[in-house]
Amino acid sequence: MTDAPRPAPAWPDFGEPALVPLEPPIVMMVDDEPLMTELIQTHLEDAGYANFVACNEPLEAMKLMQRRRPGLVLLDLMMPELDGFAILAAMRADEALRYTPVIVLTAAADARTKLRALELGATEFLAKPVDPSELVLRVRNTLAFKLYQDRLATIDPVTGLSNRHTFSQYLEGVLVRAGARKAMVGLLHIDCDFKQAREALGPSAADAIARCIARRLNAALGHLAESAVGPAALDHSGVARLGEQEFAVLLRPLEHADGAASVAKDLLQRLAEPIDVDGHQIVIGPAVGIALYPTDGQQVGTLQKSADLATAKARRQGKGSLAFFSAELDARSMERLTLTQQLRRGLERGEFRLHYQPKLDLRSGAVTGAEALIRWQHPERGLLYPGTFIGLAEESGLIVELGDWVVAEACAQSARWRQAGLGDIRIAVNVSKLQFDGGHVLAVLREQVARHGLQPGQLVVEITESLLVSDADAALDLLAQIQALGVQLSIDDFGTGYSSLSYLKRFPVDELKIDRSFIVDIPARPEDLAIVRTVVALGHSLDMTVVAEGVEQPGQLAALRDAGCDHYQGFLFSPAVPPDEFADLARATAARIAAGS
Ligand code: C2E
Ligand code: MG
Ligand code: MG
């Protein structure tokens with residue numbers, strides 16, 4: 001044991017399971033006679049109490065107790081220097097030792113001494129000389145009672161969740177660790193309104209509602225199986241019941257404030273489901289306030305106060321609301337929420353457009369393809385670029401529907417251009433990882449390719465490296481099926497993901513698109529030029545076409561031509577433009593080439 005003060009309880013570390021095995025309590029004996037403590041230790045060890053600490057220096061007793069925090073103290077009353085009464089009085093005046101049970105050792109007959117010890121808060125008496133079986137019995141009963149008391153003091157008996165006191169202690173430990181690691185922590189206060197149900201159906205109905213809320217919170221966080229709520233949840237301190245209708249959830253560590261908002265949204269959704277109490281469908285009106293460590297409070301008290309204020313703000317916004325303590329985050333989360341709703345509406349109202357960026361053959365200068373890039377004609381905010389909404393569409397799952405529209409529209413455009421005699425233009429569409437879940441995109445591609453009569457090679461799907469890395473076997477199977485439809489595969493932003501060369505060989509890839517970041521500084525930066533040359537050589541050796549993205553300067557074009565790159569796209573020739581403009585550009589370019597200029 002070191003002399004460092006023990007931090008509050010031995011709570012789990014970040015990321016570790018919440019259940020902590022309880023350490024067996026320490027039994028400490030204070031007696032000036034070493035022979036006596038040795039004897040008692042032997043008796044107790046025989047009975048299985050191995051965690052024994054002896055103190056033969058009465059003057060040191062308080063210090064030792066404060067350090068070791070015994071679960072039980074055996075105290076001799078008759079000692080020189082400092083007697084047991086003085087120690088007992090000091091213990092009862094000490095914040096940390098006030099409730100530690102004390103068994104006093106005293107001569108059996110001495111009634112006055114017993115009375116005085118009782119007045120000072122002794123828990124039990126043990127007659128001297130000590131009878132071993134009586135000793136073990138007293139120790140066992142006292143410890144059992146202590147455990148029961150501790151339990152009452154730390155958990156909410158109705159839900160089995162940590163109570164306010166335990167949660168605050170736990171939070172303190174979490175904040176210390178988060179501070180050392182410079183990590184962010186999210187504190188969610190959840191206010192549930194079931195006052196009316198309590199008034200109408202009585203307190204046991206209110207308890208049933210509280211238990212259901214606890215189960216849903218636990219289930220949402222995946223900390224505990226639904227059935228495990230109850231006594232087993234003693235040490236499950238990431239979720240707590242702070243008051244009759246008030247709950248708390250701790251998110252640690254938190255990567256980003258948006259993460260707290262999405263957990264809060266999920267909790268609100270789960271809690272909005274009616275709760276069945278004896279056949280009555282109770283709807284509670286939850287509101288969630290979010291405070292973040294360290295920005296909204298660095299101490300337990302201030303952080304909790306911030307979370308309370310945020311909850312009050314959410315309450316004012318109405319049932320089912322969430323609010324951040326920080327006004328700035330609040331505005332941001334509101335904006336994101338609004339934009340997500342508008343995204344859904346925009347999809348219904350047909351506010352999305354595809355613009356097409358020409359892809360050119362580096363040697364002939366002919367327009368050979370078009371990358372379809374999505375734009376949102378927002379009714380109030382004007383034309384929006386994907387950077388402002390693709391992330392939200394992915395988070396909300398709307399990307400799947402949006403992506404379906406992109407595939408259908410690009411295939412329709414391909415057919416229109418073909419009818420208009422525009423020649424052989426390959427159209428590329430960007431496809432998000434989420435669209436691959438459950439093979440969704442395959443069905444859509446199959447349907448649209450057939451409907452619009454696309455020939456093999458006329459449609460290209462651009463994916464990112466991350467798709468291949470995450471679940472390689474599933475991806476491999478799916479990509480092979482996509483390729484079997486005559487659709488080509490292109491790896492977008494190549495060089496920015498975590499990919500290895502071995503996977504490239506395994507996947508049926510037709511094209512590599514070198515990321516713009518490697519193009520921007522060529523030819524001036526020799527390292528980048530070396531990377532470009534390497535990617536070109538790699539692509540060609542695997543029989544792939546290599547495309548450079550984001551070409552803006554004639555110097556870059558020359559260097560790419562020199563490196564043997566096949567195609568390019570970039571502002572140098574044209575940004576993405578509406579389909580009619582694209583057709584004009586392609587025709588004009590073809591005419592210029594035909595005229596030999
Ligand atoms: P991306 O697929 O890598 O597309 C290239 C981006 O670079 C486009 O931005 C394009 O306008 C821009 N760009 C092209 N040439 C140049 C250039 O010379 N210089 C510079 N600075 N930029 C250039 P955009 O349209 O804002 O699209 C951004 C990203 O959004 C795309 O990156 C793609 O990942 C995603 N995206 C676009 N449309 C869709 C879509 O329909 N579905 C999905 N899932 N993602 C899309
Ligand atoms: Mg792309
Ligand atoms: Mg790209």
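Ligands are counted one by one from 1 in listed order, and the atoms in each one are counted from 1 as well.
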Looking at the rings of F352 and F389, which for Trp means the six-membered one, are their centres under 6.0 Å apart?
yes
At less than 4.0 angstrom from any atom of ligand 1, which residues have a non-hydrogen atom? List them by chain and residue number.
Q357, E371, L373, I374, R375, P386, I390, I399, V406, N430, S432, E462, D492, D493, R516, E549, G550, V551, E552, G570, F571
Taking L489's backbone N and O only, do any of them form a donor-acceptor pair with E462's side chain (distance below 3.5 Å, no angle check)?
no
The Mg ion (ligand 2) neighbourhood, protein N/O/S only, threshold under 2.8 Å
E371 OE2, N430 OD1, E462 OE1, D492 OD2
Using every non-hydrogen atom in the two residues, find where W376 and E351 come nearest and quote the distance to one decimal.
NE1-OE1, 2.9 Å
Sequence neighbours left out, cut at 3.5 Å: what donor-acceptor pairs do the side chains of residues 434-445 make with other protein atoms?
residue, atom, partner, partner atom, Å
Q435, OE1, S432, N, 2.8
H440, NE2, D404, OD1, 2.9
H440, NE2, D404, OD2, 3.0

Which heavy-atom pair separates L267 from A220 by the least distance, and what is that distance?
CD2-CB, 3.4 Å
Inter- and intrachain pairs under side chain to side chain donor-acceptor pair (under 3.5 Å), touching residues 541-562, at least two apart:
R533-D562
salt_bridge(D566, R363) N-O dist < 4.0 Å:
yes
Flag the pair K359 and E511 as a salt bridge only when some basic side-chain nitrogen lies within less than 4.0 angstrom of an acidic carboxylate oxygen.
yes
Short N-O contact, E395 and R336, less than 4.0 angstrom
yes
